[in-house]
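One structure below.
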Amino acid sequence: MDEKFKKPYDPAATEPRIYAAWEKSGYFNPDNLPGERSETYTIMMPPPNATGVLHMGHALGLTIEDILIRYNRMRGKATLWLPGTDHAAIATQSKVEKDIQKTEKKNRHDLGRNELLRRIGAFVEESRATIQGQVRVMGASCDWSREAFTLDTARNHAVNELFKRMYTAGLIYRGHRIVNWDPKGQTTISDDEIVYEERKEKFYYLKYGPFTIGTARPETKFGDKYVVMHPKDPRYAAYTDGQKIDLEWINGPITATVIKDEAVDMEFGTGVMTITPWHDVTDFEIAERHNLDKEQIIDERGKLLPVAGEFAGMKITEAREKIIEKLRTKGLVEKEEDYAHNVATAERTGGLVEPQIKLQWFIGVNRPFKIDHSEIPRIEIGSTVTLKEMMRAAVAGGGVRIVPDHFDKTYFHWIDNLRDWCISRQIWYGHRVPVWYRGEEIAVGDAPIGEGWVQDEDTLDTWFSSGAWTFSTLGWPDITGDLRRFHPTNVLETGYDILFFWIARMILMSGFALGQVPFRNVYLHGIVRDAQGRKFSKSLGNGIDPIDVAQKYGADAARMSLIVGNTPGTDFRLSEDKIKGYKHFANKLWNIARFILENTEGVKQTALTEADQVLKDEVSLLAKEVTRDMEEYRMYMAAEKIYHYTWHRLADVLIEESKPILTGTDEAVKTSRQTVLRMLLLEVLKLLHPFMPFITEEIWQSVQTDKELLIVASWPVK
RNA sequence: GGGCGAUUAGCUCAGCUGGUUAGAGCGUUCGCCUCACACGCGAAAGGUCACAGGUUCGAAUCCUGUAUCGCCCACCA
């Protein structure tokens with residue numbers, strides 16, 4: 001027996017050595033795996049943002065993915081787990097800009113586009129190296145030879161090609177539409193990048209000619225010259241659509257036009273409203289329907305424009321009180337109420353989001369296109385569909401299964417309310433919009449030949465490239481061997497909070513580009529919280545760093561503590577005590593191995609006694625149950641069952657009852673018991689390997705000195 | 001306003017398609033350095049499964065309603 005078993009298990013000394021042995025073996029790469037492997041199993045790693053370090057959420061994701069990969073590798077599949085990092089456009093640029101502002105007191109315009117991009121590039125390189133190291137620490141058996149970055153050359157080529165094809169198909173268009181404008185970040189943002197904050201504000205009832213209108217935003221009302229009511233509202237039946245009314249307003253007399261539209265809620269306020277199409281989505285849509293004028297009131301910095309007269313140049317917040325003051329003196333304020341409502345703020349910058357009409361690039365989710373190839377259920381080859389229909393069908397038809405399944409309701413709800421997706425951003429870091437202009441001419445895709453072409457200044461929403469992740473990583477647009485072999489992928493594993501941001505967009509992109517779903521299964525994990533149920537945050541200082549923990553207790557212990565008791569789609573509490581508990585378990589396993597090795601050295605396999613055969617059958621039954629749990633994504637249950645068997649059956653009962661047998665005189669019974677104990681140990685090592693890969697591999701190499709690495713051993717159940 | 005989820009031992013949570021005395025980990029109490037392991041061993045206490053109805057031979061498990069908590073979505077001017 002190896003001397004190392006005489007000391008407690010030391011993960012810090014073991015884990016890096018084992019990981020190096022795996023990397024050297026080449027088995028992370030499906031092309032190097034031994035034996036015939038016709039069936040593939042693929043997971044694309046959700047690329048962590050290249051902004052910083054891994055947190056517990058990443059550690060959880062990596063653990064689940066690695067468990068699935070290791071299990072399927074042992075089951076004889078050609079497993080590909082492709083790692084990468086995300087350039088995370090807005091997040092990364094704002095982080096680097098903040099750092100530069102802090103240390104050098106310079107903003108992006110002081111540096112210029114090229115210098116800022118150079119700085120971000122350097123920052124990202126460093127971050128990526130850190131992240132790669134941390135992914136290794138967790139034991140992730142991913143194929144580093146295929147590693148990708150969402151903003152590298154190959155991915156840029158894919159993004160440009162995808163943009164071009166969607167443009168040609170009429171799905172990407174440029175237009176003046178209302179978008180979410182972040183005055184602080186000076187860029188458009190998507191609906192999903194908005195965080196709503198409840199604010200207590202005043203709600204004003206203002207006299208507007210013969211009407212009373214309600215508003216929380218008097219500062220937008222300068223240009224309001226349309227007064228809208230529901231066509232069926234009996235209170236306003238006397239007024240007709242298009243009727244002109246002269247009235248006194250903030251800065252003098254105006255002529256208002258009556259508009260009848262069903263978007264007005266008769267129950268709310270007075271049932272009458274004026275509209276500000278430039279700065280409100282509903283108003284914009286009403287204006288579009290009735291072909292009304294639209295006028296900008298607030299500029300890109302959040303200040304009032306000349307239309308505001310004496311208030312021009314003021315910030316909206318300071319203008320509001322003054323405008324109300326003026327309306328009061330004119331006798332136009334009927335009453336005020338306190339009112340709590342949700343204010344849109346930008347997730348990254350905290351800026352107050354102001355809807356604006358801007359010339360931007362969009363993906364039209366309701367535009368029909370002809371789908372030349374489709375493997376998506378309910379979508380016929382050659383049929384005319386919209387992206388929205390396609391996205392719905394992918395899940396409704398069972399092409400994509402979501403675990404836990406109740407999340408499909410949330411998915412449908414989101415799909416059904418989806419609007420056109422604004423994909424252009426006014427930031428510098430990211431894939432630049434692949435469009436060139438020369439006078440009235442426009443070129444899309446690769447840079448055109450010839451003089452005088454100017455490329456679009458904007459970059460693409462980071463989710464545009466993320467959406468292509470499952471196939472841009474496999475060489476698309478070239479139809480490579482990898483693409484044919486590994487796409488659609490098997491599982492996409494990520495947090496439920498990212499269902500819409502990312503999952504839906506991957507389904508969109510993959511459906512359009514390949515006529516395939518991007519993955520057959522989605523496994524959603526919950527948010528990792530602290531022992532009190534709070535989210536980890538820097539300000540609370542309650543974070544548990546996965547790398548610290550892995551160093552202190554071992555990655556195996558960290559992995560087990562993240563898996564046991566953790567059901568999909570549900571938030572999960574983690575404490576350091578729990579991790580410690582699984583460190584103890586690792587040591588228990590270590591001592592089980594020691595005992596069995598000490599007592600079975602040099603034993604030749606013999607026929608088993610009837611009693612020992614029962615023990616062998618018992619562990620086979622466990623293996624079957626564990627396999628069933630694995631197939632149903634119940635990793636939490638599989639892990640607990642193996643844990644329980646190992647400690648409370650193998651150690652507490654079987655080893656104890658073996659002691660007298662092993663010191664006894666009946667040689668046949670003794671060798672049978674020695675044989676079966678070795679078998680049980682090997683079985684446990686295999687079953688446990690996906691969960692605790694390091695210690696199981698380490699022990700395996702002391703038991704099976706002549707055999708292959710445990711990482712490619714075959715799973716006990718076929 | 002709409003939707004989703006949760007409510008089981010002191011704490012954190014399992015309990016898959018309803019079936020014998022409801023489970024685990026941690027914690028607690030008591031006794032043990034027993035030649036695999038004190039990162040351990042042996043024992044013990046602890047639950048009217050949120051509440052009220054219903055279906056059933058039988059419900060923590062299915063149905064209806066109520067309460068409390070949490071999350072997501074939404075253009076209510």
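Residue numbers begin at 1 in each chain, while the letters A, B, ... track the order of the sequences.
Distance check: A:N251 CG to A:K221 NZ gives 15.0 Å after rounding to the nearest 0.5 Å. Of the inter-residue distances, the one linking A:D548 atom CG with A:I544 atom CD1 reads 10.0 Å to the nearest 0.5 angstrom.
When the C1' atom of B:U17 is taken as reference, atom CD of A:E631 falls 18 Å away, rounded to whole Å. Between A:H525 atom NE2 and B:C71 atom C1' the separation is 16 Å, expressed in whole Å. Atom pair A:D2:CG and B:A36:P shows a separation of 18 Å (rounding to whole Å applied). Rounded to an integer number of Å, the gap from OH of A:Y411 to C1' of B:G3 is 17 Å. Between the CZ atom of A:R529 and the C1' atom of B:C69 there is a distance of 12 Å, rounded to whole Å. To the nearest angstrom, P of B:C37 lies 11 Å from CD of A:E656. Distance CD1 (A:I592) to P (B:G40): 12 Å, rounded to an integer number of Å. As rounded to whole Å, 9 Å separates atom P of B:A14 from atom CG of A:N566.
When the C1' atom is compared between B:C26 and B:C69, the two are found 24 Å apart, to the nearest whole Å. To the nearest whole angstrom, the two C1' atoms, one in B:A45 and one in B:A50, are 25 Å apart. The P atoms of B:U28 and B:C11 are separated by 15 Å, rounded to the nearest whole Å. With P as the reference atom, B:C37 and B:C41 are 11 Å apart, rounded to whole Å. With both ends at atom P, the span from B:G27 to B:G40 equals 10 Å, rounded to whole Å. Nucleotides B:A77 and B:C4 have their C1' atoms positioned 28 Å apart, rounded to a whole Å. Rounded to whole Å, the separation between the P atoms of B:A60 and B:A36 comes to 45 Å. Taking the P atom of each, B:C63 and B:U7 are spaced 14 Å apart, rounded to whole Å.
At the heavy-atom level, A:A586 lies nowhere under 4.0 Å from the strands shown. Counting any heavy atom pair closer than 4.0 Å across all strands shown, A:T567 reaches sugar-phosphate atoms only and no base atom. Contact annotation for A:I275: no contact, since no heavy-atom pair falls under 4.0 Å across all strands.
No side-chain donor-acceptor contact under 3.5 Å links A:N180 and A:S190.
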Nucleotide-resolved protein contact map, nucleotides 18-29 of chain B, B/S/- at heavy-atom distance under 4.0 Å: ------SS----
Nucleotides 72-77 of chain B: protein proximity per nucleotide (B base, S sugar-phosphate only, - neither; heavy atom, under 4.0 Å): -SBBBB
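More than 12 heavy-atom neighbours from other residues, nucleotides or ligands sit within 6.0 angstrom of NZ on A:K4. Annotation for A:K294: atom NZ counts as buried by contact number, over 12 foreign heavy atoms lying within 6.0 Å.
In this structure, A:T257 contributes its side chain and A:Y226 its backbone to no donor-acceptor pair below 3.5 Å.
If you check B:A36, B:G42, B:C39 against the side chain of A:D652, the one that comes closest is B:G42. Distances were taken from every side-chain heavy atom of A:E598 (C-beta onward) to each of B:G5, B:C41, B:A36; the shortest belongs to B:A36. Taking every side-chain heavy atom of A:Y636 into account, B:G15 is the closest of B:G15, B:C13, B:C37. Here the side chain of A:H406 is nearest to one of B:A36, B:C4, B:A14, namely B:C4.
Across all strands shown, B:A9 forms no Watson-Crick or G-U wobble pair with both key distances under 3.5 Å. Nucleotide B:C4 forms a pair with B:G70, judged by Watson-Crick or G-U wobble geometry with both contacts under 3.5 Å. The nucleotide B:G47 finds no pairing partner, because no Watson-Crick or G-U wobble arrangement with both distances shorter than 3.5 Å includes it. Searching all strands for a Watson-Crick or G-U wobble partner of B:A14 with both distances below 3.5 Å returns nothing. Across all strands shown, B:G40 pairs with B:C32; the Watson-Crick or G-U wobble distances both stay below 3.5 Å. Using the Watson-Crick or G-U wobble rule with both distances under 3.5 Å, B:A60 pairs with nothing in any strand shown.
The aromatic rings of A:Y582 and A:Y643 sit perpendicular to each other, their planes meeting at more than 60°, with 30° as the lower class boundary.
Checking the phosphate oxygens (OP1, OP2) of B:C11, no side-chain nitrogen or oxygen of A:R573 falls inside 4.0 Å.
Listed here is the closest heavy atom pair of A:P11 and A:G554: CB-CA, 3.6 Å.
Each of A:V653 and A:R594 was assigned the nucleotide of RNA chain B with the nearest heavy atom; the assignment lying further toward the 5' end belongs to A:R594. In terms of position along RNA chain B, the nucleotide closest to A:G565 lies nearer the 5' end than the nucleotide closest to the other residue of the pair A:G565 and A:N587.
A donor N or O paired with an acceptor N or O is found under 3.5 Å between the base of B:C37 and the side-chain atoms of A:K588. For B:C16, the base has a donor-acceptor partner in the side chain of A:R634 [N/O atoms by modelled type, under 3.5 angstrom].
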Side chain to side chain donor-acceptor pair (under 3.5 Å) between A:E334 and A:T212, worked out: CA-CA 8 Å; A:E334 202 168 281; A:T212 301; 3.1 Å; yes
Candidate pair A:E657 and A:R673, rule salt bridge (Lys or Arg N to Asp or Glu O under 4.0 Å), full reasoning: CA-CA 10 Å; A:E657 76 175 28; A:R673 178 53 63 115; 3.3 Å; yes
Result block: side-chain N/O donor-acceptor pairs under 3.5 angstrom for residues 591-602 of chain A, not counting sequence neighbours:
| residue | atom | partner | partner atom | Å |
| --- | --- | --- | --- | --- |
| A:N591 | ND2 | A:N587 | O | 2.9 |
| A:R594 | NE | A:E598 | OE2 | 3.3 |
| A:N599 | ND2 | A:F595 | O | 2.8 |
| A:T600 | OG1 | A:I596 | O | 2.6 |
| A:T600 | OG1 | A:R678 | NH1 | 2.7 |
| A:E601 | OE1 | A:M1 | N | 2.9 |
| A:E601 | OE2 | A:M1 | N | 2.4 |

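A:D416 has a carboxylate O that lies under 4.0 Å from a charged side-chain N of A:R392, or vice versa, which qualifies the two as a salt bridge.
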